[in-house]
Amino acid sequence: METEEAGLALAALAQSTRLEAFRALVRHEPDGLAAGDLARLLEVPQNTLSAHLSILTRARLVTSERHSRSIVYRANLTEFRNVAVFLLRDCCGGRPEVCEPVVETLQACCKPRRKERSRA
């Protein structure tokens with residue numbers, strides 16, 4: 001990832017409605033959300049949200065797919081990972097112990113859900 005691409009993504013997330021939209025889409029992965037549902041969830045007019053989603057799409061943080069009459073938006077987690085890696089790649093200056101707390105925090109919040117065992 002280049003500096004310009006990372007800057008575009010970070011600038012897109014620097015606005016509160018776009019940040020909340022992206023976070024909502026992350027919570028609804030992998031299914032995504034229809035634009036109207038996302039607008040209702042965020043309590044934002046659909047035309048306003050459309051402009052914000054356009055910016056997130058240009059930053060490659062969001063993808064969209066038409067389903068009949070609605071457009072379903074999804075968070076592009078691969079691109080978000082690229083931004084995070086770009087930010088952290090050189091954070092430790094050759095000393096991984098400096099970044100270790102950040103990595104541990106990310107691992108703790110993103111642990112896979114354990115499957116419930118059925119009790120027969």
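Between Leu49 and Ala35, the shortest heavy-atom distance links the atoms CD2-O, 3.6 Å. Nearest approach of Ala59 to Ala9, heavy atoms of both residues: CB-CA, 3.9 Å.
Checking side-chain atoms of Thr57 against main-chain N and O of Leu53 turns up a donor-acceptor pair under 3.5 Å. A donor-acceptor pair is defined here as one N or O able to donate and one able to accept, closer than 3.5 Å; no such pair exists between the side chain of Gln46 and the backbone of Ala39.
Val85 is not connected to Leu61 by any chain of hydrophobic side-chain contacts under 4.5 Å among Ile, Leu, Val, Met, Phe, Trp and Tyr, and they are in different clusters. Cluster annotation: Val26 and Val44 are assigned to the same hydrophobic cluster (Ile/Leu/Val/Met/Phe/Trp/Tyr, side-chain heavy-atom contacts under 4.5 Å, transitive). Hydrophobic clustering (ILVMFWY, side-chain heavy atoms < 4.5 Å, transitive): Leu77 and Tyr73 are in one cluster. Hydrophobic clustering (side-chain heavy atoms under 4.5 Å, transitive across Ile, Leu, Val, Met, Phe, Trp, Tyr) groups Leu56 together with Phe80. Put simply, Leu10 and Ile55 are part of two different groups of oily side chains (I, L, V, M, F, W, Y) that touch within less than 4.5 Å, one to the next.
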Point to revise | Chi angles and distances behind the side-chain contact (heavy atoms from CB on, under 4.5 Å) call for Leu8, Glu5 | key: CA-CA 5 Å; Leu8 184 64; Glu5 293 169 311; 5.7 Å; no
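Around atom CZ of Arg27, more than 12 heavy atoms belonging to other residues, nucleotides or ligands sit under 6.0 Å away.
Counting only heavy atoms from C-beta outward, the side chains of Val62 and Leu25 approach each other to under 4.5 Å. Here the side chains of Arg40 and Asp37 are in contact, with some heavy-atom distance below 4.5 Å.
Test Leu41, Ile71, Leu42, Val72 against Leu33 for side-chain contact (heavy atoms from CB on, under 4.5 Å) and you get one pass: Leu41.
In this structure, Arg81 CZ and Glu79 CD are separated by 9.5 Å, a value rounded to the nearest 0.5 Å. Rounded to the nearest 0.5 angstrom, Phe22 CZ and Asn76 CG are separated by 7.5 Å. Annotation: the span from His52 atom NE2 to Ser16 atom OG amounts to 7.5 Å, rounded to 0.5 Å.
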